[in-house]
Amino acid sequence: MFARKATLPVLAFPVTGQGYIAALEGWRGVMALFVASYHLYSLFTNQQFSTYGYLGVDFFFILSGFIIARQYEADIATRRISFRQFTVRRLARLYPMYIFSTIVFIIINAKILAPRLLELHMAPAVYYGKGPQVVWNLVQQALMISNIGGMIAPWNGAAWSISVEWVVNVLFFILTLGFRRV
C-alpha cells in the first residue's frame with residue numbers, strides 16, 4: 001500500500017568534513033601566543049607568570065588534533081591523499097616555525113643568556129658541541145628529533161612540542177590509513 005522510501009547506506013564510522021572553523025584556529029593562535037609568552041617571561045625573569053602555563057600546550061594539542069583530524073581524516077580514509085602529500089603539507093606548516101624558533105633561541109642564547117650566565121660563573125644555557133658533535137646536533141635539529149627522548153640537549157627546548165606534533169601527525173596518518181574504513 002505504502003511505497004517504501006529508499007534509504008542511503010549508513011556509514012559505520014562517519015568521516016569528518018573539511019570545513020574551516022575560524023574560531024578554533026583563533027583559539028589555537030591564542031594558545032600558541034600564551035605558551036610563547038609563558039616561556040619568554042620565565043626565560044627573562046626566572047619567574048612564572050602563571051603556574052598553569054602547561055595547560056596552553058595541552059589545549060593547543062587538543063585543538064590541533066581535532067582540526068587536523070577534521071581536515072585530513074576523510075582524504076586519508078578514502079585514499080585521496082598519499083603519505084607523501086600529507087607529509088609535505090604538514091611539514092610546510094610545522095617546519096618554518098620550528099626553524100624560526102630554533103634560530104631565535106640560538107640568538108637569545110648567544111646574545112642574552114650566555115653572557116648573563118658567564119657573569120654568574122655558570123655554564124652556558126645550551127652547549128652546541130665541537131666538531132662532529134655540532135654536525136650531529138645540527139642533523140638532529142634539522143630532522144626535528146632532538147627534542148624527543150632526550151637524545152641531546154636541544155638547542156630550543158621549547159620546540160619539543162613541534163617535534164612531538166610531527167611524530168603524532170605521522171602516527172595519525174598511519175593509524176587512519178590502516179584502521180579507518182569508509
Side-chain angles (χ1 to χ4, degrees), residues 13-76 86-87 89-114 116-117 122-127 137 140-176 179-180:
F13 301 98
V15 176
T16 57
Q18 290 185 337
Y20 176 80
I21 304 173
L24 293 183
E25 289 286 353
W27 272 110
R28 207 164 69 139
V30 168
M31 288 300 107
L33 290 173
F34 179 76
V35 171
S37 301
Y38 174 82
H39 284 293
L40 288 173
Y41 186 82
S42 62
L43 184 68
F44 290 111
T45 65
N46 293 329
Q47 298 173 357
Q48 294 181 341
F49 73 87
S50 169
T51 57
Y52 303 106
Y54 63 91
L55 292 177
V57 174
D58 295 348
F59 191 52
F60 179 85
F61 273 156
I62 290 168
L63 284 175
S64 293
F66 177 78
I67 290 168
I68 290 166
R70 185 173 168 86
Q71 288 176 340
Y72 291 107
E73 183 183 26
D75 289 340
I76 294 169
F86 177 79
T87 301
R89 286 184 192 177
R90 294 310 306 148
L91 281 177
R93 293 263 315 190
L94 296 173
Y95 207 71
M97 181 53 72
Y98 177 79
I99 294 300
F100 174 76
S101 66
T102 299
I103 290 169
V104 167
F105 183 78
I106 289 171
I107 293 168
I108 288 172
N109 184 55
K111 301 291 184 188
I112 298 169
L113 296 178
R116 186 186 302 169
L117 290 171
M122 297 172 66
V126 175
Y127 176 66
N137 289 350
Q140 290 183 53
Q141 291 295 320
L143 295 175
M144 294 195 318
I145 60 172
S146 66
N147 295 308
I148 301 172
M151 290 187 277
I152 62 168
W155 292 355
N156 178 6
W160 69 267
S161 59
I162 300 173
S163 300
V164 169
E165 186 173 347
W166 166 239
V167 171
V168 170
N169 278 241
V170 171
L171 289 174
F172 167 74
F173 184 92
I174 292 167
L175 292 173
T176 302
F179 297 105
R180 194 76 160 93

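Not measured: the values here are computed from a predicted model.
- Atom CZ of residue R70 and atom CG of residue L24 lie 8.5 Å apart, to the nearest 0.5 angstrom.
- To the nearest 0.5 Å, atoms CD (E165) and CZ (R93) are separated by 8.5 Å.
- Identified under the side chain to side chain donor-acceptor pair (under 3.5 Å) test for residues 27-36, with sequence neighbours left out: E25-R28, R28-S64.
- Using a 4.5 Å heavy-atom cutoff, the side chains of F173 and R90 are not in contact.
- Side-chain atoms of S101 come within 3.5 Å of backbone N or O of Y98 as a donor-acceptor pair.
- Ring geometry for F172 versus F86: interplanar angle of 30 to 60°, hence tilted.
- Atom CH2 in W166 sits 4.5 Å away from atom OG1 in T87 (nearest 0.5 Å).
- Within a 6.0 Å sphere centred on OH of Y95, other residues, nucleotides and ligands contribute more than 12 heavy atoms.
- One finds the OG1 atom of T176 at 10.0 Å from the CG atom of L171 (value rounded to the nearest 0.5 Å).
- The distance from atom CG of D58 to atom CG of L63, rounded to the nearest 0.5 Å, is 11.0 Å.
- Summarising the geometry, atom CE belonging to M31 is positioned 9.0 Å from atom CG belonging to L33; distances are rounded to the nearest 0.5 Å.
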